[in-house]
Amino acid sequence: MALGASHRLQDGVLAVETMTRFALAVLALASGVYTYLGVRSLLDGSATAVFFAAIIYSASVSVAIYAFWSYMARFYPHVTGAAARGAMIGVMALGCAMIIAMSSWLNAAALAGSAALEQHLAETVEDYTADLDQAHQNALAAQSLLPDIQRTSERFARLAEDERQNGALTGTTGSGSVVQLLSQMSAQLNELETGITASRERVTTLFDQGRSHLETMRKLVSAPGAIAPRSDDFSAEVVALSGVITSLEQTSIAPSVKRAAEDLSLGFIAPVADGRGADLVNRQDQVMETIRASVSAQSQVLSQAADDILAREPVADRRFVPLSSAEAVLRYAADFIPAWAGAISIDLLPAVLVFILAVVHGAIRRQEERMPFAQRITAAELLEALEVHRALGRQGIDVEQAVKSAENEEELARTDSNITSLDMSAKAPRKGPPA
């Protein structure tokens, strides 16, 4: 039974030898093809130079992969010592690492390079979308001050009108210095309001331009066709969008609001009281002092609000870096695990065949070790032994008598010295079946 099983395993190894070589050749060729596609995207120069350089590199990779796995399939199954087998495993690990370094990542670039570049462009779109939104919010932050400015301006204008019509502040009707001061403050606030409103229109225009660029960028990401020309057009849109974001940052009205708020207080110039009587002049001075205090308080409120707006985090400078397909596959490797698995499997699948041959040859050796010598000897070895027997007989040597004498001497030596005689003339190991 053991002899039959051993023979069947040997016959199986012989039967799959051609298939093994064919599989190694096909896998090496496939790896070379995808390596060519991957390395072509990394080279610059004329089309002819790029073509021949990529062909030479991919051919070298195919030959290296085929030779490496052929060597491993030929030698590893027949190495039996623990140290030697460990050394062979170390060599195999080193070879696998070199194959991944020179081929597998290029295979992954060929399989998923375009998708990785599209993902890079898509993430860039998301980043610039966030930048545009942040710049828009910073530019519009000063718009929150508009209701307060309008309310204060209207209050000053209403007080001026009440003073003119009813003498609500000084008790004397008419357009005097108080009315003039109140109208002056209302006019300054109206100018600030007009500036903020104009800024909002400018911000809206820039934001619409930015959204238009983003829409074009999204279309380029999902458009069919080669990725290289789309990436070039995408870079042009990025430059334009960066200009829009910078303009939005510079359009903020907050610095102007802060300066205007400081001018309300520091540049406050009260007119001289123009009342005809001393009592009216005194009342006008008191009202104008009250107006000064009110303007100073309003100035502090506006200045603090402008400081809060200016303290907002500005949009960080962002630079779009175009990537090659190989670089994109490395950067976004976690998102393309199936492509990486396929690329590495093409190069390292022969390792499975090598281990299968090692297991089969190990089984053959174990089965032969359990067989009697008569079942392990081959026909060639038997014919050689018979030829030696006949040659000794022609020389007049009695083989059986010589064997008996040797056995008697061995028994005598064992009895006298208790030292076991080791037979150093054991048969050399038989050549194993081919890989």
Side-chain angles (χ1 to χ4, degrees), residues 120-158 184-223 230-264 267 295 298-321:
H120 177 57
L121 299 184
E123 292 195 1
T124 301
V125 169
E126 296 302 321
D127 292 338
Y128 276 99
T129 300
D131 290 347
L132 180 63
D133 290 338
Q134 182 180 355
H136 183 232
Q137 292 173 5
N138 290 345
L140 289 180
Q143 305 296 323
S144 62
L145 304 178
L146 191 58
D148 294 335
I149 295 174
Q150 290 175 337
R151 186 166 53 251
T152 304
S153 175
E154 292 174 357
R155 182 163 62 89
F156 283 147
R158 186 171 58 254
Q184 174 188 341
M185 294 295 100
S186 178
Q188 290 182 4
L189 292 173
N190 284 334
E191 290 177 0
L192 184 57
E193 176 186 347
T194 302
I196 293 176
T197 303
S199 171
R200 178 165 55 188
E201 295 176 355
R202 173 64 175 164
V203 168
T204 301
T205 301
L206 289 173
F207 184 64
D208 290 339
Q209 293 178 3
R211 288 192 301 179
S212 176
H213 290 302
L214 285 174
E215 182 180 358
T216 303
M217 292 163 64
R218 291 190 181 94
K219 290 180 180 179
L220 290 172
V221 171
S222 58
R230 286 189 284 147
S231 180
D232 294 338
D233 295 339
F234 186 90
S235 299
E237 293 295 328
V238 166
V239 173
L241 179 59
S242 299
V244 172
I245 293 175
T246 302
S247 298
L248 277 174
E249 285 287 287
Q250 296 174 351
T251 306
S252 175
I253 198 67
S256 179
V257 171
K258 180 174 177 59
R259 289 192 298 268
E262 292 175 349
D263 288 342
L264 286 176
V295 169
Q298 186 64 37
S299 173
Q300 292 179 359
V301 171
L302 290 177
S303 180
Q304 182 60 43
D307 287 335
D308 294 339
I309 295 172
L310 293 174
R312 284 172 171 258
E313 182 179 359
V315 177
D317 293 335
R318 190 181 302 278
R319 186 169 62 91
F320 172 65
V321 180

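A quick note: this is a predicted structure, and the numbers were derived from the prediction, not measured.
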Could you walk me through whether Val238 and Met217 pass the side-chain contact (heavy atoms from CB on, under 4.5 Å) test, one step at a time? CA-CA 8 Å; Val238 166; Met217 292 163 64; 3.7 Å; yes
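- Asp208 is linked by a side-chain hydrogen bond (donor to acceptor under 3.5 Å, both in side chains) to Arg211, counting only residues two or more places apart in sequence or in another chain.
- Legend: ring pair (Phe, Tyr, Trp, His ring centres under 6.0 Å) pairs involving residues 238-258, not counting sequence neighbours: none detected.
- Atom CG in Asp127 sits 12.5 Å away from atom CG in Leu132 (nearest 0.5 Å).
- Under a 3.5 Å cut-off, the side chain of Arg230 and the backbone N or O of Ala223 do form a donor-acceptor pair.
- For residues 194-204, no pair satisfies salt bridge (charged side-chain N to carboxylate O under 4.0 Å, His left out), with sequence neighbours left out.
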Evaluate Leu121 against Leu220 for side-chain contact (heavy atoms from CB on, under 4.5 Å), listing each step before the verdict. CA-CA 9 Å; Leu121 299 184; Leu220 290 172; 5.9 Å; no
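- Contacts of Asp233 classified as salt bridge (charged side-chain N to carboxylate O under 4.0 Å, His left out), with partners at least two apart in sequence or in another chain: none.
- Legend: residues meeting side-chain contact (heavy atoms from CB on, under 4.5 Å) with Ser235, ordered by chain and number and at least two apart, are Phe320, Pro322.
- By the ring pair (Phe, Tyr, Trp, His ring centres under 6.0 Å) test, Phe207 pairs with His136, sequence neighbours left out.
- With sequence neighbours left out, the side-chain hydrogen bond (donor to acceptor under 3.5 Å, both in side chains) criterion links His213 to Glu237.
- For the atom pair CD1 of Ile245 and CG of Asn138, the computed distance is 11.5 Å after rounding to the nearest 0.5 Å.
- Screening residues 245-254 for salt bridge (charged side-chain N to carboxylate O under 4.0 Å, His left out), with sequence neighbours left out, gives no hits.
- Thr129 pairs by the side-chain hydrogen bond (donor to acceptor under 3.5 Å, both in side chains) definition with Arg218, not counting sequence neighbours.
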Step-by-step side-chain contact (heavy atoms from CB on, under 4.5 Å) determination, Leu214 to Leu241: CA-CA 8 Å; Leu214 285 174; Leu241 179 59; 3.5 Å; yes
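- Residues satisfying the side-chain contact (heavy atoms from CB on, under 4.5 Å) test with Ser247, not counting sequence neighbours, are Leu206.
- Residues Val203 and Ala139 approach most closely at CG2-CB, 3.6 Å, considering heavy atoms.
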